[in-house]
Amino acid sequence: MMDKIQQSLAAAVTDIFDGASVMIGGFGEAGSPIELIHALIDQGARDLTVISNNAGNGHVGLAALIQAGRVKKMICSYPRSSNSTVFADLYKAGKIELELVPQGTLAARMQLGGSGIPAFYTPTGVGTPLAEGRETRIFNGKEYLLEEGMLADFALVRCHCADAMGNLTYHMAARNFGPVMCMAAETTIVQALSVVPVGALDPEKVVTPGIFVDRVIEVSNAAHESELVSNGVTYP
């Protein structure tokens, strides 16, 4: 049996290299791997392309990674939310690139990329600026836009419970992009609220099989992004 448990957050992210593409789970606060992101800030990798649903909130987690100047390009659906200023300020200053992807298309690109499917057609985005200069095709009289499957060098994901083989369960909405990111990344790094012995997880409740996970670190006292933001916390 391969033991994927890491002894520290630093060890879990040690080989993320400059210029890497990194998928980061979460739908706002739900499912955001804050401790792994902070470990990545400490690790120092730069010029990252980050793929996530949004661009972070306040001055912690993903927003802190962006504020630290480590992100060259964001690929996301919601670059700005109610507590988000870091990305917007850098984007207006021309210091960060943005690729805007509709949310369903973003999830589909990851799922199909992880399934080995290079591209697919979707009606989403047709007739909008997102389709300008892009390939379209007519099926049954309706126009569709060609989208490519998406892969990444690394994924940082938060789950509810894991075992040493990397089998994962999630808690309600915190599941969001976690499963498809695990499929689409070359190396998947997971922080778990708890780690249990192999065999303790109900197989019917395992959402991500261990074959898609490379490293697991237990973070039993994980921070809540909303609390950090409301308290004005910044990282580092």
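Worth saying up front: this structure is predicted, and the values here are computed from it rather than measured. Quick note: numbers below take in every heavy atom, side chains included, and nothing from hydrogens, waters or symmetry partners. FYI, the numbering just counts along the sequence from 1.
- Using a cutoff of 4.0 Å between basic side-chain nitrogens and carboxylate oxygens, Asp15 and Arg215 are scored as salt-bridged.
- Checked by atom type, the side-chain pair Ser84/Tyr78 shows no donor-acceptor distance below 3.5 Å.
- Clustering ILVMFWY residues whenever any of their side-chain heavy atoms sit less than 4.5 angstrom apart, transitively, puts Val157 in the very cluster that holds Met23.
- For the pair Asn167 (side chain) and Gly210 (backbone), a donor-acceptor distance under 3.5 Å is present.
- In this structure, Ser220 contributes its side chain and Ser194 its backbone to no donor-acceptor pair below 3.5 Å.
- With hydrophobic clusters built from ILVMFWY side chains whose heavy atoms lie under 4.5 angstrom apart, Tyr91 shares a cluster with Val50.
- Side-chain contact, Ser21 with Asp153: a donor N or O sits under 3.5 Å from an acceptor N or O.
- With hydrogens and angles disregarded, a donor-acceptor distance shorter than 3.5 Å links the side chain of Arg158 to the backbone of Ser32.
- Hydrophobic clustering of Ile, Leu, Val, Met, Phe, Trp and Tyr side chains at less than 4.5 Å, counting indirect connections, keeps Met181 apart from Ile24.
- Classified by interplanar angle (parallel below 30°, tilted 30° to 60°, perpendicular above 60°), the ring pair His38/Tyr235 is parallel.
- A donor-acceptor pair is defined here as one N or O able to donate and one able to accept, closer than 3.5 Å; such a pair exists between the side chain of Lys4 and the backbone of Met165.
- Distance alone, capped at 3.5 Å, places no donor-acceptor pair between the Gln6 side chain and the Val216 backbone.
- The CG atom of Leu228 sits 5.5 Å away from the CD1 atom of Ile34 when rounded to the nearest 0.5 Å.
- A donor-acceptor pair under 3.5 Å is formed between the side chain of Glu29 and the backbone N or O of Ser226.
- Note that CG of Leu65 is 10.5 Å distant from OG of Ser52, once rounded to the nearest 0.5 Å.
- Looking at Arg70 and Ile66, their side chains never come closer than 4.5 Å, going by heavy atoms from C-beta outward.
- In terms of modelled atom types and a separation under 3.5 Å, the side chain of Asn176 and the main chain of Gly26 share a donor-acceptor contact.
- Here the OG1-CG distance, from Thr122 to Leu145, works out to 7.0 Å after rounding to the nearest 0.5 Å.
- With no hydrogens or angles considered, a side-chain donor-acceptor pair links Tyr121 and Glu135 at under 3.5 Å.
- For the 3.5 Å distance criterion, the side chains of Asn54 and Ser77 fail to qualify, holding no donor opposite an acceptor.
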Determine, step by step, whether Cys159 and Leu193 satisfy the side-chain contact (heavy atoms from CB on, under 4.5 Å) criterion, reporting the C-alpha distance in whole Å, the side-chain angles of both residues, the deciding distance to 0.1 Å, and the verdict.
CA-CA 7 Å; Cys159 79; Leu193 190 63; over 6 Å; no

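- Placement of Leu168 and Ile189 in two distinct hydrophobic clusters is found when ILVMFWY residues are connected by side-chain heavy-atom separations under 4.5 Å, directly or transitively.
- Going from atom CD1 of Ile96 over to atom CG of Leu98 covers 8.0 Å, rounded to the nearest 0.5 Å.
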Please report the C-alpha distance between Thr136 and Glu143 in whole Å, then the side-chain angles of each, then the deciding distance to 0.1 Å, and finally whether the side-chain hydrogen bond (donor to acceptor under 3.5 Å, both in side chains) criterion is met.
CA-CA 7 Å; Thr136 62; Glu143 189 175 14; 2.9 Å; yes

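- Two rings, from Phe17 and Phe154, have their centers less than 6.0 Å apart.
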Could you go step by step and tell me if Ile75 and Val101 meet the side-chain contact (heavy atoms from CB on, under 4.5 Å) rule?
CA-CA 7 Å; Ile75 301 175; Val101 182; 3.8 Å; yes

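- Between the side chain of Thr188 and the main chain of Val213, no donor-acceptor pair closer than 3.5 Å is present.
- Looking at Arg134, its side chain does come within 3.5 Å of a backbone N or O of Leu130 through a donor-acceptor pair.
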Exercise answer: donor-acceptor pairs, residues 103-112 side-chain atoms, under 3.5 Å, sequence neighbours excluded:
{"from": "Gln103", "atom 1": "NE2", "to": "Asn53", "atom 2": "OD1", "distance (Å)": "2.7"}
{"from": "Arg109", "atom 1": "NE", "to": "Glu148", "atom 2": "O", "distance (Å)": "2.7"}
{"from": "Arg109", "atom 1": "NH1", "to": "Glu99", "atom 2": "OE2", "distance (Å)": "3.2"}

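- In this structure, Asn231 contributes its side chain and Val233 its backbone to no donor-acceptor pair below 3.5 Å.
- At most 12 non-hydrogen atoms from other residues, nucleotides or ligands lie less than 6.0 angstrom from CD1 of Ile211.
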